[in-house]
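Below: one structure, written as structure tokens.
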Amino acid sequence: VSVWFVRAALAYLLVGFTIGAALLWNAGVPFAGQVGRLRPAHAEFLLIGWTAQLTLGVALWIFPRLRLGSLPHGRVGFAWLGFGLLNAGVWLVTAGRVADVATLAWSGRLLEVAAVAACAVNLWGRVRPGLSQM
Amino acid sequence: MLCLMLGLALGAAQLVPGAPAVVTVAGPAYIHLLVVGWITQMIFGVAYWMFPKYAVNQPRGNDTVAVATFALLNIGLLLRVVVEPLHAVRPSPVLGAALAIAAVAQAAAGLGFVLNTWPRVKEK
């Protein structure tokens, strides 16, 4: 599942940087007045879609296993749930803020909170010294 | 680390009463020094160092692309940090063109990082 988190994060990085470049270009050499409306998408894709998602993905990949003999990546079902909720949340928040529909934006943000909670269920017990240090 | 120091220094300068206009309008430059120059660049560096090997004879993927990514990201960012506040205070076509160049450089850096990193995101 961590592979999916990291690949999705890379995709958001690419799209977020591209939107940012369009915003910066438009600030220097204006070409479309409507480009500024994409600023919330730029921020959401890069802060949550890229940075937060990459961090969660690497943590799911690299944190120690739950206990000796357990599956290496813990309760993977919760990680998958977190992946689905996080990405649904990113798109809902983006759609809500770009289209100025508050209900979409705050419900998307709640999905992101639930996504982090699901990932925390997977990760919480894995925050401990590695087996070689015990 | 340099971008983190520069960003924090610029943030401090913005808080000084009576700071010149070119400093007070530099909010976007301050934010981008921290989130692009520090956080994103730190992620790029650590990913380049520790992600699974691309191949035995090319463990970190294409080194030329990686160097180009580093150069483009920092040239684009620093150009933006210098030019954006100046353009906000006194707009000119030359400064506007420089911002467009900064935009292209940073977008190219993002593309370079993704192209070089994508094949290294795999199960061991």
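Every chain is numbered from 1 and lettered A, B, ... according to where its sequence line falls, protein lines coming before strand lines.
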### Query
For A:Trp80, does the CH2 atom sit with more than 12 other heavy atoms under 6.0 Å from it, leaving out its own atoms?
yes

For the hydrophobic clusters of this structure (ILVMFWY residues joined by side-chain heavy atoms under 4.5 Å, transitively), does one cluster hold both A:Val90 and A:Val113?
no

Exercise. Establish whether B:Leu10 and B:Val16 are linked, either directly or via other cluster members, by ILVMFWY side-chain heavy-atom contacts under 4.5 Å.
Key: no

Is it the case that over 12 heavy atoms from other parts of the model lie below 6.0 angstrom from the CH2 atom of A:Trp91? no

Same apolar cluster (I L V M F W Y, side chains within < 4.5 Å links), A:Phe63/A:Phe83 = yes

(message) Side-chain heavy atoms nearer than 4.5 Å, only ILVMFWY residues, links allowed to pass through others: does that put B:Tyr48 and B:Val46 together?
(response) no

Walk me through it: do B:Val35 and A:Leu46 pass the test side-chain contact (heavy atoms from CB on, under 4.5 Å)?
CA-CA 9 Å; B:Val35 296; A:Leu46 290 176; over 6 Å; no

Residues 103-111 of chain B vs chain A, non-hydrogen distance cutoff under 4.5 Å, contacting residues -> B:Ala103, B:Val104, B:Gln106, B:Ala107, B:Gly110, B:Leu111

Rounded to the nearest 0.5 angstrom, the CG-OG1 distance for A:Leu54 and B:Thr40 is 9.5 Å

Residues 68-90 of chain B vs chain A, non-hydrogen distance cutoff under 4.5 Å, contacting residues -> B:Leu73, B:Arg80, B:Glu84, B:His87

Throw together a table of side-chain donor-acceptor distances under 3.5 angstrom for residues 100-111 of chain A, partners on residues two or more places apart or in other chains.
| from | atom 1 | to | atom 2 | distance (Å) |
| --- | --- | --- | --- | --- |
| A:Ser107 | OG | A:Thr103 | O | 2.7 |
| A:Ser107 | OG | A:Leu104 | O | 3.1 |
| A:Arg109 | NH1 | A:Glu44 | OE1 | 3.0 |
| A:Arg109 | NH1 | A:Glu44 | OE2 | 2.9 |
| A:Arg109 | NH1 | A:Glu112 | OE1 | 2.8 |
| A:Arg109 | NH2 | A:Glu44 | OE1 | 3.3 |

Please tell me whether A:Phe5 and A:Val116 are part of a single hydrophobic cluster in this structure, the criterion being side-chain heavy atoms less than 4.5 Å apart. no

Apply the test side-chain contact (heavy atoms from CB on, under 4.5 Å) to residues B:Phe51 and A:Val58: give CA-CA distance (whole Å), side-chain angles for both, the deciding distance (0.1 Å), then the verdict.
CA-CA 10 Å; B:Phe51 270 26; A:Val58 171; 4.3 Å; yes

Residues 10-40 of chain A vs chain B, non-hydrogen distance cutoff under 4.5 Å, contacting residues -> A:Leu10, A:Ala11, A:Leu13, A:Leu14, A:Phe17, A:Ala21, A:Leu24, A:Trp25, A:Ala27, A:Gly28, A:Val29

